[in-house]
Amino acid sequence: MKRICVLPGDGIGPEVVECAVSIVKGATDDLEFVPADIGQAAYEKVGSYLPAETLQLMRSCDSSLFGAITSVEGPEYDPPVLRFRKELDLYANLRPVRTLVQVPNRAPIDVVIVRENSEGMYTQNEVYDDGGVTTLRRVTKKGSERIVDFAIQYALANGRRGITCVHKANVLRASDGLFVNIFREQMRTRGKGLQASEQLVDSAAMKLLTDPSAFDVIVTLNLYGDILSDVAAGVAGGLGFAPSGNIGPKHSVFEPAHGSAPDIAGKGVANPTAAVLAGAMMLNHIGLPESAWRIERAVSDFYSSGHLTTDMGGRHGSKSYTEHILRNLAAQPHR
Ligand code: NAI
Ligand code: MG
């Protein structure tokens, strides 16, 4: 039996993870769930936001399902998300965004952002001096090659039509230029039948809003992917709709793309869809695609039959959403 490490975290993290776990359980009996502390709860118990025991459990399980953490101010804070991404070598951040419910004044979106997750402007490598702070932003050949390769493999395996490389090589000529050159080379040699295109990150953000159908798979550097995936989520109705997977050669951690949302925490109104779809991505990743497909179906049936979560102006909070999805799952014929 495969084991899943469950990391609820802070804010709405525990609320949406609880829904996701019960829905994953509704789709398969083949998993064992092992809870672990991260964030504030961990700090209060053992004085660390990511205790060594948690990291060890994440390593020993087949995958992890994580909620979110609330960042803490102060120079000595070691962000747990950055740390587990690094320790577990989770170099690829897979962020699919698909319209499930029509959003006023927005065109439908179906985009998969493949974000480099291990280097670039997201490693908190900052050096203070008298005049200010220098942030080191490193782009490597190895890092670029493996993320572009991941995007190509993903696009081919999932029947996508093309990949757009999003960058800022008109200004960051050496670093982003390296990334783009590797993209060109790999698409030429291994992108069999996939359309290759390139776009600067600023205009890509605008185009995601105005013409999302221009994109299929996007491969991009760390910080650009962080920002663009929230833009894409906004087109689909908000952060409650955006799941993500942190994937490496040995380990993986699936999580909603959103944070701990302190503004709505404890009110029972968080949309669990992002966490639930992250659970489905996890099932796909660990070899349970039938159960993953059943969850995706149950979620899209919920919205297509006219139900709305509170973030979309509807009446379904986390609890009633989860009840509906579980009912949809139970009613489903197997594929
Ligand atoms: P956020 O993603 O937590 O929230 C942004 C906005 O989206 C808020 O208005 C929130 O209510 C809404 N929202 C988010 N998830 C939702 C859901 N499931 N259903 C309905 N509405 C939802 O981002 P914010 O406010 O910038 O950050 C809050 C905290 O989360 C910060 O401490 C930040 O550092 C942390 N954070 C943690 C992440 C992680 O654990 N991976 C990722 C992003 C932020
Ligand atoms: Mg983000």
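When a ligand or atom number is given, it counts from 1 through the structure's own listing order. What you see is a predicted model; the values in this text were computed from it and never measured.
Heavy-atom contacts of Ala68 reach the following atoms of ligand 1: 40 (O) (cutoff under 4.0 Å). Near Ser71, meaning under 4.0 Å from any of its heavy atoms, are these atoms of ligand 1: 32 (O), 33 (C), 34 (O). Close approach to Ile12 involves these atoms of ligand 1, each under 4.0 Å from a residue heavy atom: 15 (N), 16 (C), 17 (C), 18 (N). Using a 4.0 Å cut-off to heavy atoms of Leu239, the atoms of ligand 1 that qualify are 2 (O), 5 (C), 7 (O), 14 (C). Distances below 4.0 Å separate heavy atoms of Ala261 from the following atoms of ligand 1: 3 (O), 10 (C), 11 (O), 14 (C).
Between the side chain of Glu15 and the backbone N or O of Gly266 there is at least one donor-acceptor pair closer than 3.5 Å. The backbone N or O of Val269 lies less than 3.5 Å from a partner atom in the side chain of Thr310, making a donor-acceptor pair. In this structure a side-chain-to-backbone donor-acceptor pair under 3.5 Å is present from Asn271 to Thr273.
There is no protein heavy atom less than 4.0 angstrom from atom 26 (O) of ligand 1. At a distance under 4.0 Å, a protein heavy atom can be found next to atom 33 (C) of ligand 1.
The pair Glu87-Arg59 counts as a salt bridge, with a side-chain nitrogen and a carboxylate oxygen less than 4.0 angstrom apart.
At a 4.0 Å heavy-atom cut-off, ligand 1 touches Ile69 through backbone and side chain alike.
Using a 4.0 Å heavy-atom cutoff, Ser260 is listed among the residues neighbouring ligand 1.
Considering backbone and side-chain atoms alike, Thr70 places every N or O at 3.5 Å or more from each N or O of ligand 1. Considering both main-chain and side-chain atoms, Pro262 never comes within under 3.5 Å of ligand 1 through any nitrogen or oxygen pair.
Among the heteroatoms counted here (N, O or S) of Asp226, OD1 is the one nearest to the Mg ion (ligand 2).
Under 2.8 Å from the Mg ion (ligand 2) lies no N/O/S atom of Asp230, from backbone or side chain alike.
To the nearest 0.5 Å, atom CG of residue Asn222 and atom CG of residue Leu82 are 8.0 Å apart.
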